[in-house]
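Remarks on the structure that follows.
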Amino acid sequence: MLTRKIAHLDMDAFFAAVEQRDNPSLKGKPVVIGADPKGGQGRGVVSTCSYEARPFGIHSAMPITRAYRLCPHAVYLRGNSRKYRHASNQIFDILKNYTPDIQPISIDEAFMDISGCFHGSETATDLCCRIKDHIKREVQLNASIGIAPNKMIAKIASDYCKPDGLLEIKPEDMLNFLWPLPIGKIWGVGAKTQEALVAMNINNVGDLAKYPVDKLHARFGEYGIKLSKLANGIDERPVEDDDEVKSVSNEHTFDTDTRNLDEIYDKLLFLSQKVARRLRRHGLKGKTIGIKIRTADFRTITRAHTIGQRIHFDDIIYKEVKQMFEANYKPNTRIRLIGVRVSNFEDPYVQESLFESPEDSKRESMYKAIDQIKDKYGEKAIKSGHVKTHENKEVRDRNL
Ligand code: TTP
Ligand code: MG
């Protein structure tokens, strides 16, 4: 297989860097963007901080009061999301000059497939150097870029070379780079998986790569095979253009593994509502409804059901996922994660109102009204509830 060249770009201290750019007196100072610390009494968290604030131990998502204790003399700013969005748009516009294969991941981060985008004697590193210079020249901000044969390693590389870095991991150096790293660097390995791996005496990526794959399979199911592949530098996921949304999904990991059906159905309802609302917001309707269930022993099953019509309604999605859950749940099994997915959008531009039943158009208006209220007054303005789901199968809307 032809070796791919995947680049992962991530801006440095993005929100803080925009503020330092626009106010030169902030340059070289610890700057914290987030909630108002109110002299140590504030609520809320840190969005990000400049690199000058990082040696104090401040980082994203930390309570603002803690940041204030660590560095009271930092400059604390609430931030300006319009300004950050504008800078982000400028950066993504620049990227489009270099490759059409861009997958935006967040406001300041994207994957790019740059295979075949550099010519003559130019290398992938030269091309990414031009991208960094272009952003610096036009937006006056620093980007860090990692280049590798796959997405996971490109992302690890950009993180590794921050700030203002550029690092290419060639195929022949891939395993030397990867194996000494802690297992937390592998995609999808969070605190719980890490704990389980350490208990198996797997401490770094090399240990994971060399561990017998059948044993990983026995312990983690399909996920174990994926872990082994990633640790061996195999990650074939393509860079996917975000414009072509193929599915909309949301999942939830329970704080503690649960067998409480009320809690599980509550979360399934919440996820169904979230997915449905996202579908409506993007003007999408799907025919295939799917569920993902991961049990406490890391076994994961996915099930999907294709229905007769394309929909974006909370109640239909919930009814389907609940049925699939019931059909696949072994009583008393503890659940670690559940997810809801809608796919199979076909042609989203087909004007469908001609084929809609009167009941559907009534439902359509109801959800439109709910969405409008939520847009105006926030997600919590309307609470939908279900009554003791395993006793009473009805889903109904309260507080309307
Ligand atoms: P990141 O790229 O995670 O962080 P960063 O760009 O500030 O710093 P780094 O150099 O380490 O990449 O996130 C991009 C922006 O997203 C960040 O500037 C602020 C915002 N953000 C939050 O608001 N809350 C968060 O918890 C995180 C992680 C980011
Ligand atoms: Mg960043």
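Counting starts at 1 for both ligands and their atoms, following the listed order. One-based numbering along the sequence shown. Everything numeric in this text was worked out from a predicted model, so none of it was measured.
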So is Ala13 close enough to ligand 1, meaning a heavy atom under 4.0 angstrom away? yes
So for ligand 1, is Ile107 a polar contact partner (N or O within less than 3.5 Å, distance only)? no
Would you say Asp36 and Tyr68 make side-chain contact, with heavy atoms under 4.5 Å? no
Would you mind telling me if ligand 1 is within reach of the side chain of Lys162, the backbone, both or neither, using heavy atoms under 4.0 Å? side chain
How about Thr65 and Lys38: do any of their side-chain heavy atoms sit closer than 4.5 Å? no
Electrostatic pair Asp371-Arg277, nearest N-O below 4.0 angstrom: yes
Atom 7 (O) of ligand 1 [closest protein heavy-atom partner, distance rounded to 0.1 Å]: Thr48 OG1, 2.5 Å
N, O or S atom of Glu109 closer to the Mg ion (ligand 2) than 2.8 Å: no
Are any of the side-chain heavy atoms of Lys192 and Asp257 separated by less than 4.5 Å? yes
Does the residue Met11 have a heavy-atom contact with ligand 1, meaning some pair of atoms that are separated by less than 4.0 Å? yes
For Ala16 and ligand 1, does the shortest N/O to N/O distance drop below 3.5 Å? no
Arg54, portion touching ligand 1 at heavy-atom distance under 4.0 Å: side chain
If we only count N/O pairs under 3.5 Å, is Val46 in contact with ligand 1? no
Closer than 2.8 Å to the Mg ion (ligand 2): does that hold for any N, O or S atom in Met11? yes
Proximity to ligand 1 by part of Tyr84, non-hydrogen separation under 4.0 Å: neither
For atom 12 (O) of ligand 1, closest protein heavy-atom neighbour: Asp10 OD1, 2.9 Å
Near the Mg ion (ligand 2), is there an N/O/S atom from Asp10 that is less than 2.8 Å away? yes
